[in-house]
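On a predicted model such as this, the values are computed, not experimentally measured, just so you know. Just so it is clear, the values below take in all heavy atoms, side chains as well, and ignore hydrogens, waters and symmetry mates.
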Amino acid sequence: MAEVLWGEGDVGAGSVHGSGSGSGSEVRDRSPVGSWATYRMVAGMWIRSTLAYRSSFVLTLVTSFCVTFFDFVVILLMFGQVEGLGGFAFAEVALLYGTAGTAFGIADLTMGSLQRMGRRVRDGSLDTFLMRPAPLLAQVAADKFALRRFGRVLQGLFVLVWALILLDLAWTPLKLVLLPVALVSGAVIFASLMTIGASTLFWMQDAAEVTNAFTYGGNTLLGYPPTIFAQDLVRGVVYVVPLAFVNWLPALYILGRPAPAGVPEWAAFVSPLVAAVCCGVAGLAWRAGVRSYRSTGS
């Protein structure tokens, strides 16, 4: 799965000028190990730079936590006026919000830098990455690694733990395993959507906000019960853009609630498979985008 997502095809340094046969493609390490090593090296550099100013980092981390928590404040205010939302109690909605927020936070922390792809393609700065004998996706994803985004992860975990404390759940071994698996699978699904969105920016450099509608917008959508949305929308996030596998289907099983109409109960357990398929699609989209790229000549 990782090899599909991180592989760059045959695009190397020479392909910046359209040849596709330069020496850079011969030395580029396309293996998952090489991709992880590149990502770790680049991200580590930015993390060390951030931690050089610890007070500033702590301040930005707290700010990130508080700003993202305001999204949950909306739910708190809503439940100050109503006892339930779509048949869901406060703690149940908090579980949905916490699982979606944690999964998205992990994806945003690790792959959030891909939002800059449109600008890199437009101004030609992507050429610099292509000239290096290292996997392109790993370089771009780790560049300007923003450790402050960890505040979003902490905020999601805070709400998730709060929800688990409030809920009186009948835990089984299957549910105990399902929760962390769903979080990891959800993060992979979001990361794949970010990669697919970044791939479209090779052709539509100014469409970052459109792709964000499926990532940031999807995170907001999943923080609310599926019962408040139209059935067509619910089917869309199950069968078209599989956001429902991030948290809706696993969380409904954990809560002991039925899956949306027409969705089998066993669908709650296929999040890892859906994540793997999303990785494959993201890998193909990324390869197509990179191969279509033509240097600005600058």
Side-chain angles (χ1 to χ4, degrees), residues 2 5-6 35-36 38-51 56-57 59-71 97-123 125-126 129 135-157 183-202 204-223 241 243 246-247 275 278-279 282-283 285-286 289-290:
L5 182 57
W6 292 106
S35 298
W36 168 243
T38 298
Y39 184 93
R40 184 178 60 183
M41 179 182 66
V42 176
M45 176 188 68
W46 287 101
I47 291 174
R48 289 191 296 272
S49 174
T50 300
L51 294 181
S56 175
F57 165 66
L59 181 61
T60 55
L61 184 67
V62 172
T63 301
S64 175
F65 180 96
C66 294
V67 169
T68 54
F69 190 76
F70 282 130
D71 293 336
Y97 180 94
T99 49
T102 302
F104 179 77
I106 295 172
D108 190 47
L109 174 67
T110 54
M111 305 293 284
S113 294
L114 289 177
Q115 299 176 60
R116 300 186 180 91
M117 273 300 302
R119 184 172 60 192
R120 297 192 188 285
V121 172
R122 188 168 54 249
D123 62 20
S125 59
L126 185 66
F129 296 93
L136 177 62
L137 182 56
Q139 293 185 72
V140 176
D143 186 55
K144 298 186 183 299
F145 187 92
L147 193 58
R148 69 178 183 278
R149 289 181 176 142
F150 189 63
R152 182 185 289 274
V153 181
L154 290 176
Q155 187 262 343
L157 285 173
L183 291 176
V184 174
S185 300
V188 174
I189 292 172
F190 271 127
S192 299
L193 292 177
M194 290 178 181
T195 304
I196 294 171
S199 302
T200 65
L201 299 181
F202 281 101
M204 303 178 293
Q205 292 89 356
D206 298 317
E209 294 303 320
V210 176
T211 61
N212 287 346
F214 295 95
T215 51
Y216 288 89
N219 176 46
T220 301
L221 174 76
L222 296 176
V241 182
L243 290 171
V246 172
N247 74 328
C278 288
C279 274
W286 180 258
V290 173

Can you give me the closest heavy-atom contact between [X] and [Y], atom names plus distance?
X: S185; Y: A275; value: O-CB, 3.8 Å
X: A141; Y: S113; value: O-CB, 3.4 Å
X: R148; Y: F57; value: N-CE1, 4.3 Å
X: F190; Y: A100; value: CE1-O, 4.2 Å
X: A282; Y: S192; value: CB-O, 3.7 Å
X: A191; Y: A107; value: N-CB, 3.7 Å

Any chance you could measure [X], atom [atom1], to [Y], atom [atom2], to the nearest 0.5 Å?
X: L201; Y: R120; atom1: CG; atom2: CZ; result: 12.0 Å
X: L193; Y: N219; atom1: CG; atom2: CG; result: 11.5 Å
X: S125; Y: M117; atom1: OG; atom2: CE; result: 8.5 Å
X: I106; Y: L183; atom1: CD1; atom2: CG; result: 6.5 Å
X: L137; Y: T38; atom1: CG; atom2: OG1; result: 10.5 Å

Item to check | Any residue meeting salt bridge (Lys or Arg N to Asp or Glu O under 4.0 Å) with R149, in chain and number order, not counting sequence neighbours | outcome: D108
Checklist entry - With the threshold set at 4.0 Å, does a side-chain nitrogen-carboxylate oxygen contact exist between D143 and R116? => result no
Item to check | Derivation of the side chain to side chain contact (heavy atoms under 4.5 Å, CB included) call for L243 and L222 | outcome: CA-CA 8 Å; L243 290 171; L222 296 176; 4.2 Å; yes
State whether the side chain of [X] and the backbone N or O of [Y] hold a donor-acceptor pair below 3.5 Å, judged by distance alone.
X: S35; Y: A138; value: no
X: S64; Y: T60; value: no
X: Y97; Y: D71; value: no

Checklist entry - Given T102 and N247, is the side chain to side chain contact (heavy atoms under 4.5 Å, CB included) satisfied, shown in steps? => result CA-CA 10 Å; T102 302; N247 74 328; over 6 Å; no
Next on the checklist: Does F214 have more than 12 heavy atoms from other residues, nucleotides or ligands lying within 6.0 Å of its CZ?
Outcome noted: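 12 or below, so no.
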Item to check | side-chain contact (heavy atoms from CB on, under 4.5 Å) involving M41 - partner list, sequence neighbours excluded | outcome: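 For M41, no residue satisfies side-chain contact (heavy atoms from CB on, under 4.5 Å) once neighbours in sequence are set aside.
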Item to check | Residue pairs fulfilling side-chain hydrogen bond (donor to acceptor under 3.5 Å, both in side chains) with at least one residue in residues 40-49, sequence neighbours excluded | outcome: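 As it turns out, there is no side-chain hydrogen bond (donor to acceptor under 3.5 Å, both in side chains) pair with a partner in residues 40-49 once direct neighbours are skipped.
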Checklist entry - Are any non-hydrogen side-chain atoms of V188 and C279 less than 4.5 angstrom apart? => result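 With C-beta onward as the side chain, the pair touches.
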Item to check | Candidate pair M194 and F104, rule side chain to side chain contact (heavy atoms under 4.5 Å, CB included), full reasoning | outcome: CA-CA 10 Å; M194 290 178 181; F104 179 77; 3.6 Å; yes
Item to check | Full working for side chain to side chain contact (heavy atoms under 4.5 Å, CB included) between F145 and T50 | outcome: CA-CA 9 Å; F145 187 92; T50 300; over 6 Å; no
